[in-house]
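In what follows, a structure is listed as structure tokens, so that the remarks can point back to it.
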Amino acid sequence: MAQIRGTAGYHLGNPNPFGGSKSDVADPSPLDAIREQTSKIEDVLDTISEPVKPYLPAIGRFLIVVTFLEDALRIMTQWSDQLVYLNSYRHIPTGLTHLFLLVNVVTMFACSTLVIIRKHSDYAVAGLMGVVVTQALGYGLIFDLNFFLRNLSVIGGLIMVLSDSWVRKTQVFAGLPQLDEKDRKMYFQLAGRILLIFLFIGFVFSGEWSVWRIGVSVVGLIACVMVVVGFKAKFSATLLVLILSVFNVLVNNFWTVSFSTLRICVT
């Protein structure tokens with residue numbers, strides 16, 4: 001009689017066939033909630049970036065090599081100072097200093113242009129990596145931590161450019177060893193992602209510690225891990241770009257330094 005008056009005989013309670021209560025299955029986990037919110041943010045970012053999406057690859061390649069273009073312009077505008085430093089402090093003979101600077105400037109301009117226009121990317125990346133190594137040795141900055149982390153990040157960006165060129169070659173020349181090429185590209189992309197985050201690690205370990213710096217560092221390191229493992233990489237990369245852009249403006253605020261103050265510091 002109890003079964004007739006209850007719901008057990010008619011399956012009206014909709015029991016869970018896998019065991020457990022219905023509330024356990026319906027309640028979302030915190031990870032699912034985070035995934036849902038980040039998916040909404042990525043949808044908004046896709047909508048905002050829709051007009052410039054065809055140009056994003058070229059913009060990305062330009063931002064990777066812009067440090068080389070800036071360095072080449074700086075050498076040209078400070079040519080005499082560079083010669084004095086290399087000759088007097090690094091004790092490099094006069095003729096070699098001119099050759100060193102000239103080769104660096106030509107290589108950085110030529111290879112950066114090739115990377116941006118996607119021509120001979122393999123040779124362009126090799127040339128820029130050579131510039132990174134020769135400048136570290138020539139200027140004696142190979143043991144400087146910030147310079148070392150920055151160079152690792154730059155090399156990571158160049159590796160991403162190299163893997164992108166392999167992707168395009170595989171699409172054009174599809175053949176039998178396609179699986180091996182895919183594995184190689186995957187490993188190089190992973191290495192590039194890991195090296196790219198060293199720029200943020202350099203930001204974490206440079207400067208004085210404060211509450212806001214600790215908070216930003218924790219959020220940024222979480223985003224770095226998400227970029228490396230590929231979890232919500234678009235959202236995480238956008239967050240890192242935003243953090244580093246704000247940091248760049250706050251730290252390199254050259255417009256706040258007056259000419260008189262700069263002249264006093266130089267003298």
Side-chain angles (χ1 to χ4, degrees), residues 58-162 165 195-196 198-200 202-203 205-207 241 244-245 247-267:
I59 295 174
R61 293 192 300 272
F62 170 76
L63 292 177
I64 288 175
V65 301
V66 69
T67 181
F68 295 102
L69 296 175
E70 182 270 337
D71 200 20
L73 291 174
R74 180 174 54 84
I75 291 176
M76 293 176 61
T77 56
Q78 301 175 356
W79 185 267
S80 58
D81 296 334
Q82 298 284 333
L83 292 176
V84 170
Y85 175 79
L86 293 173
N87 191 9
S88 302
Y89 293 95
R90 297 298 299 165
H91 306 292
I92 300 176
T94 303
L96 290 180
T97 56
H98 289 77
L99 182 62
F100 175 80
L101 294 179
L102 181 62
V103 170
N104 272 270
V105 170
V106 173
T107 303
M108 286 188 287
F109 272 126
C111 293
S112 298
T113 304
L114 290 175
V115 168
I116 294 174
I117 64 177
R118 280 187 173 183
K119 298 293 184 181
H120 308 290
S121 298
D122 298 352
Y123 301 106
V125 169
L128 293 177
M129 285 187 177
V131 168
V132 171
V133 175
T134 55
Q135 285 193 353
L137 296 175
Y139 288 98
L141 298 173
I142 192 170
F143 296 110
D144 184 82
L145 180 60
N146 289 330
F147 187 79
F148 179 72
L149 294 176
R150 171 185 171 272
N151 280 347
L152 286 180
S153 179
V154 171
I155 291 174
L158 294 176
I159 290 177
M160 297 295 288
V161 172
L162 192 61
S165 68
L195 293 177
L196 276 174
F198 275 99
L199 186 62
F200 185 82
F203 153 69
F205 292 103
S206 64
V241 168
L244 290 174
S245 299
F247 173 75
N248 188 33
V249 172
L250 293 178
V251 173
N252 301 317
N253 51 349
F254 60 90
W255 55 89
T256 61
V257 181
S258 61
F259 177 74
S260 58
T261 304
L262 181 61
R263 187 168 57 183
I264 292 175
C265 293
V266 173
T267 55

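Since the model is a prediction, treat every value here as computed from it, not as a measurement.
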inquiry  = Let's go through Leu83 and Trp79 carefully: what are the C-alpha distance in whole Å and the side-chain angles of both, what is the deciding distance for side chain to side chain contact (heavy atoms under 4.5 Å, CB included) to 0.1 Å, and is it a yes or a no?
reply    = CA-CA 6 Å; Leu83 292 176; Trp79 185 267; 3.3 Å; yes
query = Sub-3.5 Å donor-acceptor pair from the side chain of Arg90 to the main-chain atoms of Leu137, do we have one?
reply = yes
Sequence neighbours excluded and cut-off under 3.5 Å, please list the side-chain donor-acceptor pairs for residues 63-72, or say none.
| residue | atom | partner | partner atom | Å |
| --- | --- | --- | --- | --- |
| Thr67 | OG1 | Arg150 | NH2 | 2.5 |
| Asp71 | OD1 | Arg74 | NE | 3.4 |
| Asp71 | OD1 | Arg74 | NH2 | 2.1 |
| Asp71 | OD2 | Gln135 | NE2 | 2.9 |

message = Taking Asn104's backbone N and O only, do any of them form a donor-acceptor pair with Thr107's side chain (distance below 3.5 Å, no angle check)?
response = no
task = Kindly compute the distance separating CG (Asn151) from CG (Leu158), expressed to the nearest 0.5 Å.
result = 10.0 Å
task = Evaluate the side-chain proximity of Met129 to Ile159: yes if any heavy-atom separation is below 4.5 Å, no if none is.
result = yes
inquiry  = Contact between Leu128 and Ser112 at the side-chain level, heavy atoms closer than 4.5 Å - yes or no?
reply    = yes
task = Might you work through the side chain to side chain contact (heavy atoms under 4.5 Å, CB included) test for Phe147 and Leu152, ending with a clear yes or no?
result = CA-CA 9 Å; Phe147 187 79; Leu152 286 180; over 6 Å; no
key: Rounded distance (nearest 0.5 Å) linking atom CG of Leu96 with atom CG of Leu86   = 10.5 Å
By ring pair (Phe, Tyr, Trp, His ring centres under 6.0 Å) - contacts of Phe143 (at least two apart) = none
ask   = Side chains of Ile92 and Asn87: does their closest heavy-atom pair fall under 4.5 Å?
value = no
query = Roughly how far, to the nearest 0.5 Å, is CG of Leu101 from CE of Met76?
reply = 11.5 Å
message = If we ignore hydrogens and angles and just use 3.5 Å, is the side chain of Thr134 paired with the main-chain N or O of Val131 as donor and acceptor?
response = yes
key: Between Tyr139 and Gln82: side-chain donor-acceptor atoms closer than 3.5 Å   = yes
ask   = Can you check whether Thr113 reaches Lys119 side chain to side chain, under 4.5 Å on heavy atoms?
value = no
Straight-line distance of Phe62 CZ to Ile117 CD1, nearest 0.5 Å = 14.0 Å
Atom pair NE2/CG of His120 and Leu114 - distance to nearest 0.5 Å = 6.5 Å
request  = Quick one: closest heavy-atom pair of Gly127 and Cys111, and the distance?
outcome  = CA-SG, 4.0 Å
request  = Tell me, yes or no, whether the heavy-atom count around Tyr85 atom OH, taken from other residues, nucleotides or ligands under 6.0 Å, exceeds 12.
outcome  = yes
